[in-house]
2 protein chains.
Amino acid sequence: MISVAKESDALDRIASDLRVAAFLFTRRMRLESHLEEVTDSQLTVLLHLSRVGPRTPGQLAEFERVSAPSMNRTVNVLATAGWVRRVDDPADGRRVLVEITEAGDELARTARRRRNAWLKAQLRHLDPDDRAALVRAVEVIGEMARR
Amino acid sequence: MISVAKESDALDRIASDLRVAAFLFTRRMRLESHLEEVTDSQLTVLLHLSRVGPRTPGQLAEFERVSAPSMNRTVNVLATAGWVRRVDDPADGRRVLVEITEAGDELARTARRRRNAWLKAQLRHLDPDDRAALVRAVEVIGEMARR
DNA sequence: TATTGTTATACTCTATAACTATA
DNA sequence: TATAGTTATAGAGTATAACAATA
């Protein structure tokens with residue numbers, strides 16, 4: 001029974017540390033983003049659209065794991081700013097496709113570079129073992145988040 | 001020059017993947033927290049106070065990497081709910097200490113258990129190599145966030 | 001004058017509930 | 001009746017600027 005308790009304690013420790021690290025890391029990245037035109041969440045949607053092409057609001061919400069109204073607001077902001085446009089789906093009158101504009105695509109590229117600059121500088125100084133662990137952990141964390 | 005470009009591209013890829021993973025993971029954990037009495041940010045402050053004892057609002061803000069007014073709002077919510085109290089520093093009239101109450105300490109313990117449940121279940125199914133990579137990566141990410 | 005805490009203000013992110021239009 | 005999108009509403013988190021009190 002002792003080993004079961006130890007195992008549970010160890011997992012507890014990892015869980016707490018991981019949660020705190022992810023939380024602080026997310027905040028720190030937002031701080032180091034130096035974005036002016038869009039917020040972090042907005043840029044994330046923009047980058048997704050840039051990579052995968054037009055998507056419905058519902059698909060975007062599911063992918064980003066947020067509610068439909070929440071995503072709708074983000075799309076509104078992006079559309080008002082001219083980074084995306086809504087296009088009616090000719091095959092189904094209920095559906096709408098959100099499409100990145102040329103200006104949006106341009107912005108996504110430059111903003112992504114700016115946003116990654118700080119993090120890349122951090123990664124450059126890691127030793128190879130740590131970097132390898134990080135790469136594997138990123139996959140694991142991503143899978144857990146999406147499972 | 002090619003290898004320099006490759007290195008930069010590789011770092012770019014890791015940076016993007018890490019950012020997305022941390023972002024989604026944080027959202028997913030908030031979703032799986034099942035907290036009613038406090039939000040995620042509030043509980044984080046509560047747990048910190050529970051671990052390290054009374055701290056000034058300024059110290060809390062610095063530790064959590066948020067602005068002083070932002071932390072002040074969080075402390076206000078916690079104080080109104082009775083989870084913490086403010087105590088004047090007798091040695092320096094400008095300073096205030098934020099102290100967790102007994103009820104707050106009790107809440108912190110039970111809420112922490114509830115919040116970790118989902119994540120622990122995920123961790124339990126990882127194979128040992130992945131878990132080791134995760135542990136090391138958590139240290140690395142935490143250091144980057146706080147550097 | 002410098003430091004610590006707080007208030008004022010404004011904006012983003014988020015969710016649930018309700019509503020509209022189409023299938 | 002079910003689905004997709006949207007609007008209405010409300011609350012939390014965040015920052016900058018301004019203010020108050022004390023050292």
Side-chain angles (χ1 to χ4, degrees), chain A residues 22-46 54-81 83-99, chain B residues 22-46 54-81 83-99:
Chain A
F23 204 61
L24 279 182
F25 179 74
T26 301
R27 271 187 184 150
R28 178 68 185 264
M29 279 201 301
R30 180 161 36 67
L31 238 58
E32 301 285 353
S33 284
H34 307 299
L35 302 174
E36 281 150 34
E37 302 89 344
V38 289
T39 66
D40 225 52
S41 302
Q42 291 159 14
L43 177 54
T44 300
V45 172
L46 225 44
R55 286 291 183 274
T56 68
Q59 289 171 328
L60 292 175
E62 196 202 344
F63 187 79
E64 300 289 346
R65 296 288 195 277
V66 296
S67 68
S70 185
M71 181 53 68
N72 189 58
R73 162 165 301 204
T74 299
V75 170
N76 280 344
V77 173
L78 291 172
T80 301
W83 309 127
V84 304
R85 71 174 76 87
R86 283 186 174 88
V87 182
D88 290 335
D89 184 338
D92 185 339
R94 295 171 302 182
R95 303 182 92 206
V96 170
L97 284 170
V98 182
E99 190 175 80
Chain B
F23 203 62
L24 279 183
F25 178 74
T26 300
R27 272 186 184 150
R28 178 68 185 265
M29 278 201 302
R30 180 162 36 68
L31 238 59
E32 301 284 352
S33 284
H34 307 300
L35 302 174
E36 280 150 34
E37 302 90 342
V38 289
T39 66
D40 224 53
S41 301
Q42 291 161 13
L43 177 55
T44 300
V45 172
L46 226 43
R55 287 291 184 274
T56 68
Q59 288 171 330
L60 292 176
E62 197 202 343
F63 187 79
E64 300 290 345
R65 297 288 197 277
V66 296
S67 68
S70 183
M71 181 52 68
N72 190 58
R73 163 167 299 206
T74 299
V75 171
N76 280 342
V77 173
L78 290 173
T80 301
W83 310 126
V84 303
R85 70 174 78 86
R86 283 186 174 88
V87 182
D88 289 335
D89 184 337
D92 184 339
R94 295 170 303 183
R95 304 182 92 204
V96 170
L97 285 170
V98 182
E99 191 175 80

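Computed from heavy atoms alone, side chains included, the values below leave out hydrogens, waters and symmetry copies. Residue numbering restarts at 1 for every chain, and letters A, B, ... go by the order of the sequence lines.
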Q | Pairing residues for A:E37 by the side chain to side chain contact (heavy atoms under 4.5 Å, CB included) criterion, not counting sequence neighbours | A | A:W83, A:L107, A:R114
Q | Those residues of residues 22-30 of chain B lying under 4.0 Å from DNA chain D by at least one heavy atom | A | none
**Q.** B:L97 CG - C:dG5 C1' separation (whole Å)
**A.** 12 Å
(Q) Between P on D:dG13 and CG on B:L43, what's the gap in Å once rounded to a whole number? (A) 11 Å
(Q) Pick the closest DNA chain D nucleotide for A:L31 and for A:R95 by heavy atoms, then say which residue is nearer the 5' end. (A) A:R95
Q | Interatomic distance, A:D40 CG vs C:dC13 P [rounded to whole Å] | A | 9 Å
What N/O pairs connect the protein and nucleotides 10-12 of chain D at under 3.5 Å? Give each pair on its own line.
none

Q: Using atom CG of A:N72 as one end and atom P of D:dT3 as the other, report the distance to the nearest whole Å.
A: 20 Å
Q: Could you tell me which residues satisfy side chain to side chain contact (heavy atoms under 4.5 Å, CB included) with A:T56, sequence neighbours excluded, listed by chain and number?
A: A:Q59, A:R95, A:L97
Q: Check salt bridge (Lys or Arg N to Asp or Glu O under 4.0 Å) between A:R85 and all other residues, then give those that pass, not counting sequence neighbours.
A: A:E99
Side-chain donor-acceptor pairs under 3.5 Å in residues 66-74 of chain B, sequence neighbours left out?
{"unit_1": "B:S67", "atom_1": "OG", "unit_2": "B:S70", "atom_2": "N", "d": "3.3"}
{"unit_1": "B:N72", "atom_1": "OD1", "unit_2": "B:R86", "atom_2": "NH2", "d": "3.0"}
{"unit_1": "B:T74", "atom_1": "OG1", "unit_2": "B:S70", "atom_2": "O", "d": "3.4"}

(Q) Across nucleotides 18-23 of chain D, 5' to 3', mark each nucleotide with B, S or - according to how protein heavy atoms within less than 4.0 Å reach it. (A) ----BS
Q: Measure the distance from CG on A:D88 to P on C:dT22 and round it to the nearest whole Å.
A: 10 Å
Q. Over how many whole Å does the gap from A:N76 atom CG to D:dT6 atom C1' extend?
A. 8 Å
Q | Rounded distance (Å) that lies between atom C1' of C:dA23 and atom CG of A:D89 | A | 12 Å
Q.
Please list, in numerical order, the residues of residues 58-67 of chain A that have a heavy atom closer than 4.0 Å to any atom of DNA chain C.
A. A:V66, A:S67
**Q.** Listed partners of A:V98 passing side chain to side chain contact (heavy atoms under 4.5 Å, CB included), at least two apart
**A.** A:L49, A:P57, A:L60, A:V75, A:V84
Q.
Checking A:R28 now: which residues fulfil salt bridge (Lys or Arg N to Asp or Glu O under 4.0 Å) with it, not counting sequence neighbours?
A. A:E32
(Q) My understanding is that only residues two or more places apart in sequence, or in another chain, count here; which of them pass side-chain hydrogen bond (donor to acceptor under 3.5 Å, both in side chains) with B:R30? (A) none
Q: Measure from the side-chain heavy atoms of A:T56 and tell me the nearest of D:dG5, D:dT6, C:dA15.
A: D:dG5
**Q.** Minimum heavy-atom distance A:F23-B:T26, with the two atoms named
**A.** CD1-CG2, 3.8 Å
**Q.** Between C:dG5 (P) and B:R86 (CZ): distance, integer Å
**A.** 10 Å
Q) Which residues satisfy the side chain to side chain contact (heavy atoms under 4.5 Å, CB included) test with A:D88, sequence neighbours excluded? A) A:V96
